[in-house]
Amino acid sequence: MAKEQAAVIILFGGSGDLARRKLYPAMFGLFQRGYLQKRFAVIGTARRPWSDEHLREIVVDAVKTMPGATLEQAQSFASHFYYQSHDVTDADHYITLKTLAAKLDDQYQVGGNRIYYMAMAPNFFATIAEHLKSEALLTDNGFNRLVIEKPFGHDYASAKALNDSITATFDESQIYRIDHYLGKEMAQAIMALRFANPMIENVWHKDFIQNIQITLAEAVGVEERAGYYEQSGAIRDMIQNHVMQLVADLTMAKPDSLTSEAVHKVKGDVFDHLHVYTPEEACDNFVRGQYTAAVIDGDAVTGYRDETGVAKDSLTDTFVAGKILVDTPDFEGVPIYVRTGKRLTRKSTQITVVFKPAKDNLFNTSDEPDTLTICVEPSEGFDLVLNGKKLGQSNDLIPENLAFRHDPKLAKQAPEAYERLIQDALQGDQTNFTRWTELAKTWQYVDSILDAWQNNTTMPEYPAGTMGPKESFDLLARDGNEWHWQPTHVKMAD
Ligand code: NAD
């Protein structure tokens, strides 16, 4: 396949935060690496009455300090950008957009290839898709692909309504639903770790795995996003999408190949086997929490209910921990503990697989479980902790850590998540995007927990800067387990 990808990219939300912070730098990365060269144009649309020149200045500003960038290169990249003031609810604006896209298609010889990127508030997604159809923007030659940001719905019913409206214009093979966690280096590395190493692959099974732990910890609070977050909470914001996708990566069977079709087939099987709890079980197995005021490193930190835009009696979860069970033959009965939250001790995404202890311990001291920790961010790598023999003349055991970290300098040069995902969309590879059937199952699962919580208005609290409420620790203790990563008394690299 030729390296250069030709397309007109129509970006809805061209003046937005996501476009400036992530999408323009990602496209620039593709430009630097030659995936975008001459045959591409980007139409940024938003409500403001900007000119092409103004958008180009914004783009240059967004990319000029990227590694390896020169001002000349940034300007050459930005010269491919065009701006259209566009109200997504106004049909006439789509006609103007169609004319501009056709002109650029010709000018840059892109052969009818189009990417429609929805980077605006989700309540506009359906309107845009409908207008793209009614005003006939899709081309007959080349590809037409829709890239759509999260959140994809608020619950199963709204996700289905959104899906119905976009599938009236695009079929599933044209839809690229973003879950940017799937673009992260170490999330993508899970498959290699599992399936390219027989010593790992052969013990990746309920006979050898005691439990799996997934932590997505944020140190920041709700920041300026209270309006969105009050309606979402941690379970919708993080569990339904990122955490569920990681659960699938960790428990799916080996795909027949690395094609999108093969990978989604085995992932789909995991979602089909999620163990759905009764309301009572859901409350026992999923705990939530809300951060309260605290002093961290001498600074006073506001509690959630006192944050601007948050209701004083808010029952929004800023933390959630749960035990997920996947009823497949290989993983039945293996607890998958997940937790995520705001204002936790430290920012980190990591996964620990805790293996079962040796069957008959021949040694003087009790053996610790072997563990494999996959560090997704901020550091990228893994730790394999095995029992070794203590130095000296004894048969005492000691946990030994075989640690690997990507060189941070090299890791910085690797494409960022959005860059990988936009490249995939340009190349027509849907592996790292979510399918509707996956979303449907994960929303139904999350809805069942939210429904159960409705009848239980207790909201456990945790002081900002800690790792969540006591109930999260109790959840594991009940099974005789504990959270492996406890950054107040760090056992492992983080
Ligand atoms: P934003 O509010 O910064 O930008 C919204 C954009 O939509 C602006 O360009 C605005 O001009 C445009 N817009 C609003 N109303 C319009 C209308 N009627 N017609 C035409 N244009 C209109 O939002 P954002 O932070 O860039 O987020 C965009 C999407 O990306 C959202 O779905 C969000 O959930 C998702 N997202 C954002 C981030 C992030 O880091 N910002 C991360 C993940 C997902």
Side-chain angles (χ1 to χ4, degrees), residues 9-27 42-51 54-55 58-59 62 81-97 100 115-132 135 137 146-154 158-159 162-163 165-166 175-184 187 216 218 220 222-234 236-238 240-243 245 309 340 342 347 349 377 416-422 425 432-434 439:
I9 301 172
I10 301 178
L11 182 59
F12 295 97
S15 64
D17 174 68
L18 182 75
R20 287 181 206 221
R21 283 194 313 110
K22 299 285 182 190
L23 306 184
Y24 298 149
M27 290 177 201
V42 180
I43 306 176
T45 80
R47 263 180 317 187
R48 300 176 193 186
W50 284 1
S51 61
H54 187 70
L55 175 63
I58 300 277
V59 172
F81 281 66
Y82 297 81
Y83 184 76
Q84 185 187 308
S85 178
H86 181 95
D87 183 338
V88 292
T89 56
D90 186 331
D92 285 348
H93 288 186
Y94 289 85
I95 310 282
T96 324
L97 187 58
L100 177 60
I115 300 246
Y116 307 87
Y117 198 123
M118 294 196 193
M120 15 190 323
N123 53 315
F124 293 120
F125 294 164
T127 317
I128 300 172
E130 282 157 18
H131 280 95
L132 292 177
E135 309 317 321
L137 265 89
L146 174 72
V147 180
I148 186 161
E149 272 296 333
K150 77 159 213 180
F152 198 95
H154 179 75
S158 57
L162 172 58
N163 199 59
S165 62
I166 62 172
I175 301 172
Y176 292 71
R177 299 180 193 82
I178 295 259
D179 182 329
H180 69 275
Y181 262 73
L182 297 179
K184 289 186 188 288
L216 273 69
E218 292 183 280
V220 294
V222 70
E223 299 179 295
E224 286 85 39
R225 294 171 70 222
Y228 158 73
Y229 203 77
E230 272 284 87
Q231 304 303 317
S232 152
R236 288 188 173 97
D237 193 38
M238 303 292 257
Q240 180 273 326
N241 36 56
H242 313 317
V243 170
Q245 286 292 330
T340 184
K342 292 198 175 288
K347 176 181 169 68
T349 297
E377 66 180 0
E416 211 258 340
Y418 271 100
E419 189 176 330
R420 290 165 197 244
L421 296 175
I422 296 174
N432 293 313
F433 296 84
T434 48
L439 275 166

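Note that the numbering runs from 1 along the sequence shown for the chain. Note: hydrogens, waters and symmetry copies are ignored here, and every other heavy atom, side chains too, is used. For ligands, and for the atoms within them, numbers begin at 1 and follow the listed sequence.
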Check Gln84 against Leu97 and note the closest heavy-atom contact, atom names and distance.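 The pair with the smallest heavy-atom distance is OE1-CA, 3.0 Å.
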
With heavy-atom distances below 4.5 Å as the criterion, would you say the side chains of Ile58 and Trp50 are in contact?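 Answer yes - side chains close enough.
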
State plainly whether the residues Lys22 and Glu416 are in salt-bridge range, i.e. N to O under 4.0 Å.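 Answer for the salt bridge query: yes.
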
Atom-level proximity to ligand 1, residues with heavy atom under 4.0 Å: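 Protein residues near ligand 1 are Gly13, Gly14, Ser15, Gly16, Asp17, Leu18, Arg21, Ala46, Arg47, His86, Asp87, Val88, Ala119, Met120, Pro122, Phe124, Phe125, Glu149, Lys150, Pro151, Tyr418.
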
Are the side chain of Asn241 and the backbone N or O of Arg236 linked by a donor-acceptor pair below 3.5 Å?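 Yes.
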
Would you check if there is a donor-acceptor pair between the side chains of Asn163 and Arg177 at a distance under 3.5 Å?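 Per modelled atom types, Arg177 and Asn163 side chains form a pair under 3.5 Å.
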
Residues that Phe12 engages under ring-ring contact (aromatic ring centres under 6.0 Å, His included), provided they are two or more places apart: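 So Phe12 forms a ring-ring contact (aromatic ring centres under 6.0 Å, His included) with His86.
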
